Amino acid sequence: MSTIQNYRPDIDGMRALAVTAVVLFHAGFGFLTGGYVGVDVFFVISGYLITSIIYREIDSGRFSFKRFWVRRARRLLPAATLVMLATMAGFLFYYPVSYFKEFGLSLSAQSIFSANIFFWKHSGYFGLAAETKPLLHTWSLSVEEQFYLFFPVLIFLIYKYVRSTLFFVVAFLTLASFFLSIWATYHFPNPAFYLLPTRAWELGVGAIIALRLTQWRIENPVIVNGVALMGLVAIVFAMLVYSEDTPFPSYTAALPVIGAAALIWSGNQSITWLAKGLSFKPIVWIGLISYPLYLWHWPVNVFANWIFFEEKNSVYYLVVLVLPVFLAALTYYLIEHPIRFRKSLFGDRFVVVGGVTSTALLFFIGLAAYKWGNGAIVDPGGVVDNYYKNATEHEPNRKECAHEGYSGGKVVVCEHQGNSAKATPDFFVWGDSHGSALIPGVVHYADAAKLNFHYMTVAGCQPFYNMKRLNQAFCEKVSDQAIAQIKQSQYKVVFLVGSFVNNLSYGRWRALDAPNEYDVSASIREFSQNFKMTVETIQSTGAQVVVFTEPPRQVENPVSDHMKRALFNKPERTYADRAGHIERIMPIYELIDAANIEKRLDYTSYFCGEVDCYHRKNGNSLYKDESHISNYAARQLAQFFMQDLSPMLQESKDM
């Protein structure tokens, strides 16, 4: 086995391609819907280079864990510390208190190489949006840092005791991680995206190339150039075609990963045409500053979105595209390059002491930000933060009963007793996250009407059966459990609540026996058939079916936008209009009505005036985000439930 030893400018060119795609994707350039795969290209490059270094030094008897980790610290920590501190200073004066406190927690997590775990735990339907997380991009850095901690130990031990199996062990672990990634993406999508076990195969592919590079030599330049071209095409195809709806990482990540591996391999065979192109000095320069550029681009993007929230004009695009490059260049020449290469000035002791000090500093600064916030600076009266807290208040028992992040176990059927004098339930609420958001209003109604009810709400799983959600494998299990519960309990009324229009408009749902592809027209057609089947199944138990019509969907998060406007003294605005809302929902709800349900509850008049729709009333937000209603709004709807549902439940109440 052998590895490369010489500097390859084409790999810096690959870094330039990867970081440019990520920056443009995050800046909102619509043609790069899959620009996020640049991160996967980085993973392959890192796996290749790190394995090359480790194996070469072990093979020559020069490997030292201390030297390896000091070298990694020298490369990663100085620039990261600067960016983290600058981000803290910048958002200290502009961010709402709750956002700033979460930023503090993420800073502490990043300082101990666990940002990916933090953002996994803080992701989901009701988590803060990506644009409110200035350190969200550091999840990938944590994946690499965790890899750097464990992989050298693995390589060293295998080489020392069973050297002949090294390649096969790495290949086996890479395949195991790949298959785990495929399975987990459909069953546990959030941890699959963020965590090392489901991402390690991407670094492992780079390691495989490093361990067997010289044994795969091909002298034919046509073949080598062809492999390079196919590699580039694979990467660019993923950048242009993939989107947020693409299951990821899963098998779909194999395309950019294998593409990156092809570019690395072919570039080592001979100087291919693509390697020459990637070695063009301006491209290489972007590759050289790619690490600080990646560090800077996302905080600058979040900051610009906060400042330019009313209009993304030419100044905005200059900020999100030019400023990160300028800051990255300064960071590279003033911080990263001197500390990495001027070892006479910045020795190992300096790196170790500085690394420990900066880690501790960032960790405790983050904890301080979480504990005390920045309210005295941006919101002395606490008005804006209280508005946010009330708007995003969790519905009761959400952790136990909303099943956010559910991935295929047994769903707990929760219950609420508004009438303790009897044990039997009067009705059943079956829904997705929108059903969970409505529960505070149903509870309020049940207490006033002295009714008992059961409910089962799973985020992302709409209330009908015989259909699958294409990027999740478990929703059909949820539907089966719900139907079994309905048949068993003999409810008088079954209340269905779902984000039907939004999910169907993307073709995310298909019948269980349909092709596994996004097809909006087929998805809607199959929904019509299977929703009717669901209604007939429920009605066969003697229950009546009630459907809750979706409230107006806002064009952006009204809570976040209202906070910005309040902090910057900007006038209010509206985010939806009545005519647009009706035009959006009616095609789907006409199909729902055609299923012969007993009642559809349409409260458009509560959420909308004659022209515009409201996002708040009486100083209270009606929404948690673009589409999920707040607890306040849900409780206000209880008065309408009283007049619309009580006649249907009268018989049950009198029993």
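From a predicted model like this one, the values you see are computed outputs, not experimental measurements. The analysis underlying the following values was restricted to heavy atoms, covering all of them including side chains, and did not include hydrogens, waters or symmetry mates.
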Keeping [X] on the side-chain end and [Y] on the backbone end, is there a donor-acceptor pair under 3.5 Å?
X      : Y      : answer
Ser290 : Ala16  : no
Thr51  : Tyr48  : no
Arg75  : Arg340 : no
Asn390 : Asn386 : yes
Ser106 : Phe103 : yes
Trp201 : Thr198 : yes
Ser630 : Ser621 : yes
Thr33  : Gly30  : no
Thr132 : Tyr99  : no
Asp40  : Ala253 : no

Minimum heavy-atom separation for [X] to [Y], with atom names?
X      : Y      : result
Gly373 : Val97  : CA-CG1, 4.4 Å
Pro78  : Ile335 : CB-CG2, 3.6 Å
Asp379 : Val384 : OD2-N, 3.2 Å
Ala115 : Ser142 : N-OG, 2.9 Å
Ala27  : Val320 : CB-CG2, 3.9 Å
Ala437 : His628 : CB-CB, 4.3 Å

Within a 6.0 Å radius of atom [atom1] on [X], are there more than 12 heavy atoms belonging to other residues, nucleotides or ligands?
X      : atom1 : value
Lys121 : NZ    : no
Tyr506 : OH    : no
Phe237 : CZ    : no
Phe341 : CZ    : yes
Lys570 : NZ    : no
Phe65  : CZ    : yes
Glu400 : CD    : yes

Got [X] and [Y] here, is their nearest side-chain heavy-atom distance under 4.5 Å?
X      : Y      : value
Phe119 : Thr138 : yes
Ile50  : Phe68  : yes
Val22  : His137 : no
Leu32  : Leu240 : yes
Leu136 : Val302 : no
Ile53  : Arg71  : yes
Arg8   : Ile264 : yes
Tyr316 : Asn305 : yes

Does [X] come within less than 4.0 Å of [Y], counting only side-chain N to carboxylate O?
X      : Y      : value
Asp348 : Lys343 : no
Asp12  : Arg15  : yes
Glu556 : Lys564 : no

Decide yes or no on side-chain contact (heavy atoms from CB on, under 4.5 Å) for Tyr94 and Val378, but give the supporting numbers first. CA-CA 6 Å; Tyr94 288 95; Val378 301; 5.7 Å; no

Among Thr87, Thr331, Asn301, side-chain hydrogen bond (donor to acceptor under 3.5 Å, both in side chains) partner for Trp296: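 For Trp296, the side-chain hydrogen bond (donor to acceptor under 3.5 Å, both in side chains) test succeeds with only one of Thr87, Thr331, Asn301, which is Thr331.
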
Approximate separation, where rounding is to 0.5 Å, of [X] [atom1] and [Y] [atom2]:
X      : Y      : atom1 : atom2 : answer
Leu278 : Leu263 : CG    : CG    : 6.5 Å
Tyr370 : Glu102 : OH    : CD    : 10.0 Å
Leu135 : Ser111 : CG    : OG    : 10.5 Å
Phe309 : Ser560 : CZ    : OG    : 9.5 Å
Leu180 : Thr185 : CG    : OG1   : 8.5 Å
Glu393 : Tyr388 : CD    : OH    : 12.5 Å

Test the Arg553-Tyr575 pair against the cation-pi criterion, namely NZ or CZ under 6.0 angstrom from the six-membered ring centroid and within 45° of the ring axis.
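Negative - Arg553 is either too far from the ring of Tyr575 or too far off its axis.
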
Discussion item. Tell me whether the NZ or CZ atom of Arg342 lies within the 45° cone about the ring axis of Phe346 and under 6.0 Å from its centre.
Written reply: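 Pair Arg342/Phe346 does not count as cation-pi.
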
Q) Could you walk me through whether Glu336 and Tyr291 pass the side chain to side chain donor-acceptor pair (under 3.5 Å) check? A) CA-CA 9 Å; Glu336 180 183 338; Tyr291 174 59; over 6 Å; no

Which class fits the ring pair [X] and [Y]: parallel under 30°, tilted 30 to 60°, perpendicular over 60°?
X      : Y      : result
Phe118 : His122 : parallel
Phe193 : Phe248 : tilted
Tyr95  : Trp306 : perpendicular
Tyr294 : His297 : tilted

- Query: Checking side chain to side chain contact (heavy atoms under 4.5 Å, CB included) against Glu145, which of Val143, Leu141, Leu149 comes through?
  - Reply: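 Of all the options given, the one that passes is Leu141.
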
side-chain contact (heavy atoms from CB on, under 4.5 Å) evaluation trace for Tyr194 with Ile117: CA-CA 7 Å; Tyr194 285 109; Ile117 298 172; over 6 Å; no

What verdict does the side chain to side chain donor-acceptor pair (under 3.5 Å) test give for Gln636 and Asn620, after you've listed the backbone C-alpha separation in whole Å, the side-chain angles of each residue and the deciding distance to 0.1 Å?
CA-CA 11 Å; Gln636 294 302 303; Asn620 297 288; over 6 Å; no

Does the pair Phe100 and Phe91 meet the rule for a ring-ring contact (aromatic ring centres under 6.0 Å, His included), with working shown?
CA-CA 7 Å; Phe100 189 74; Phe91 285 96; 8.3 Å; no

Tell me, with the steps shown, if Val325 and Leu321 meet side-chain contact (heavy atoms from CB on, under 4.5 Å). CA-CA 7 Å; Val325 175; Leu321 295 178; over 6 Å; no

Please step through side-chain contact (heavy atoms from CB on, under 4.5 Å) for the pair Asn631 and Lys624, ending with a clear verdict. CA-CA 8 Å; Asn631 289 5; Lys624 286 183 170 78; 3.0 Å; yes

